[in-house]
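Here the structure is laid out as structure tokens; the discussion comes afterwards.
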2 protein chains.
Amino acid sequence: MSSIASGNTIAEVGGLMGDAARANMLMALMGGQALTAGELARVARITPQTASGHLAKMIEGRLLAVEKQGRHRYYRLASGEVAHAMQALMALAADGHRRHHPLGPRDAALRLARTCYDHMAGRLAVAIADALSAQDCMVLSDGAAVLTQKGRAVLDSVGLPMDGTSARRPLCRTCLDWSERRPRLAGRLGAALLARALDLGWIVRTPGNRALTLTGQGEEGFRRAFSLPVDWRAGPSP
Amino acid sequence: MSSIASGNTIAEVGGLMGDAARANMLMALMGGQALTAGELARVARITPQTASGHLAKMIEGRLLAVEKQGRHRYYRLASGEVAHAMQALMALAADGHRRHHPLGPRDAALRLARTCYDHMAGRLAVAIADALSAQDCMVLSDGAAVLTQKGRAVLDSVGLPMDGTSARRPLCRTCLDWSERRPRLAGRLGAALLARALDLGWIVRTPGNRALTLTGQGEEGFRRAFSLPVDWRAGPSP
DNA sequence: CAATTGCTTCGGCCGATGCCGAACCATCCA
DNA sequence: TGGATGGTTCGGCATCGGCCGAAGCAATTG
């Protein structure tokens, strides 16, 4: 029903995100991994049949994409723009929040390194951005970033050739997630870096959630590749 | 009702934007000017009392701010973050749209120069960004921008001292509005430039809509200040 | 002091939508 | 082939929220 799946209006998109159950599902998918319908129903605390309805609506509205695999159906965000829109909404929602930071044991892992849609977040990601910036590999200015010649060389040495300046996707963007509000690498470079680090076995995903575990190789690799200070885990230094 | 006006949730924010009438009002306010309740009712095609309810909700949700002046009440977007969120939603809504571009007579003025929340948009804004970029006043990369030393000098000469690199607000961002999808100056610099240009009388606002009229002085002033090519009105050259 | 205009509050109507129980497909496994 | 499990569709219920008419303030105007 409705239109032939052509163009949404702002109100339609907003309405889709403007439901608690759907928002919860979208938040769960912000981790970047595809989840099954059942998992999404559980995270939203609704019955599977209700979840199914919501998912269908979000597919119709082009917020999600599906991939069926066996008897499972894996849902994921349809595009980076969806993630971006969610972030923008989160920024508004967080306004007066001053959320409780229980800082539990599992929280500590998330705080160190986690995924945020398609790139890394947490202390590690911030430390990398800081180090690159401090070494003139990249110029950070008001939340935007530009890579220098030297920066390209460094990234190239990690196996990340940043050749084309083509895409109009930002290299770096401040991403208002819960945890330190400091710039980190997102965008095209951020996505490439996450993929490469997973590839090298420097970090591994945790099955259930968005947390990333830093391996021994990773500890060493990151420190050497980006010349991280020894105390990078301590958080914002200045 | 609800909480004591503290923290919204994502769903609440989305829900506020997810209504046709409210979305229309927000869109009207994207021009950057404050509008009265009556004007907003008219643009949303609803009765004043219905509009009043919507406006109260958006105030409560911290999407809008009011200022009463005499017997009028002027509503405006509460912050740049609200405008940013709307842009993000527009990007999703526009997806399949491929909107009709009627290109009427009034449309031509909008296409040349208009406001977009707190900065300029249209051919003029794009031409300025292009010129600054071509003269190494600023480095554009993937939609982000960084000002060079030379750029600071140029802006300083127009009366725009860009001293503190302080704020974490992007200098430039691609802004997916209807019309050319090319980078232009937004963010802190964009806002300052708009204010300065209005101040100098280079451009003047059109009362009813978002269009900006380029004055004779402006024609001359912009060309000299940013060394615009003579044919900048022609649009994207390369 | 009326009269007018801009805006809000109140009350009731009604359509839209989220929710679940039950039944129905599809896939995997023994 | 029968039974589990994951997922969807259907039908009905209940609630929520947008809408407007009528009435009530507030400020400006004569």
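These numbers were taken from a predicted model, which means no experiment stands behind them. The figures that follow rest on heavy atoms only: side chains count, while hydrogens, waters and symmetry mates do not. Letters A, B, ... are given to chains in the order of the sequence lines, protein chains preceding strands, and every chain is numbered from 1.
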Residue mapping more 5' on DNA chain C - nearest nucleotide basis, A:G15 or A:K68: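 Closer to the 5' end of DNA chain C: A:G15.
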Take A:R45 and B:Y74, find for each the nucleotide of DNA chain C with the closest heavy atom, and name the residue whose nucleotide sits nearer the 5' end.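 Looking at DNA chain C, the more 5' nearest nucleotide goes with B:Y74.
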Determine yes or no for a side-chain-to-main-chain donor-acceptor pair under 3.5 angstrom, with [X] supplying the side chain and [Y] the backbone.
{"X": "B:R73", "Y": "B:E67", "answer": "no"}
{"X": "A:T115", "Y": "A:M120", "answer": "no"}
{"X": "B:R196", "Y": "B:V158", "answer": "yes"}
{"X": "A:Y74", "Y": "A:K68", "answer": "no"}

Within this structure, what is the [atom1]-to-[atom2] distance between [X] and [N], rounded to whole angstrom?
{"X": "A:I59", "N": "D:dT8", "atom1": "CD1", "atom2": "P", "value": "9 Å"}
{"X": "A:R42", "N": "D:dT5", "atom1": "CZ", "atom2": "P", "value": "13 Å"}
{"X": "B:L16", "N": "D:dC16", "atom1": "CG", "atom2": "P", "value": "17 Å"}
{"X": "A:E67", "N": "D:dG7", "atom1": "CD", "atom2": "C1'", "value": "17 Å"}
{"X": "A:H72", "N": "D:dA4", "atom1": "NE2", "atom2": "C1'", "value": "13 Å"}
{"X": "A:R71", "N": "D:dG7", "atom1": "CZ", "atom2": "C1'", "value": "11 Å"}
{"X": "A:R73", "N": "D:dT9", "atom1": "CZ", "atom2": "C1'", "value": "12 Å"}

Using a strict 4.0 Å threshold on nitrogen-to-oxygen distance, state whether B:E219 and B:R233 make a salt bridge.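 Yes, B:E219 and B:R233 are salt-bridged.
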Less than 3.5 Å between a donor and an acceptor, one on the side chain of B:Q49 and one on the base of D:dG21, is that the case here?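 For B:Q49, whose side chain was compared with the base of D:dG21, there is a donor-acceptor pair (under 3.5 Å).
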Do B:E39 and B:T36 have side-chain N/O donor and acceptor atoms under 3.5 Å apart?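 Yes, because at least one side-chain N or O of B:E39 sits under 3.5 Å from a partner of the opposite role on B:T36.
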D:dG7, OP1 or OP2 - any side-chain N/O from A:Y75 closer than 4.0 Å?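 Answer is no, no contact under 4.0 Å.
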Under 4.0 angstrom between A:S52 side-chain N/O and D:dG7 OP1 or OP2: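 False: A:S52 side-chain N/O out of range (4.0 Å or more) of D:dG7 OP1/OP2.
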Show the nearest heavy-atom pair for residues A:L16 and A:G61, with the distance to one decimal.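 Heavy atoms of A:L16 and A:G61 come nearest at CD1-CA, 3.8 Å.
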Give the first and the last nucleotide of DNA chain C, reading 5' to 3', that has any atom under 4.0 Å from a heavy atom of chain B.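 Reading along DNA chain C, I get C:dT4 to C:dT9.
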Sugar-phosphate only, base, or nothing, as touched by B:R22 at under 4.0 Å among non-hydrogen atoms: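 If one applies the 4.0 Å heavy-atom cut-off, B:R22 turns out to touch the sugar-phosphate alone, with no base involved.
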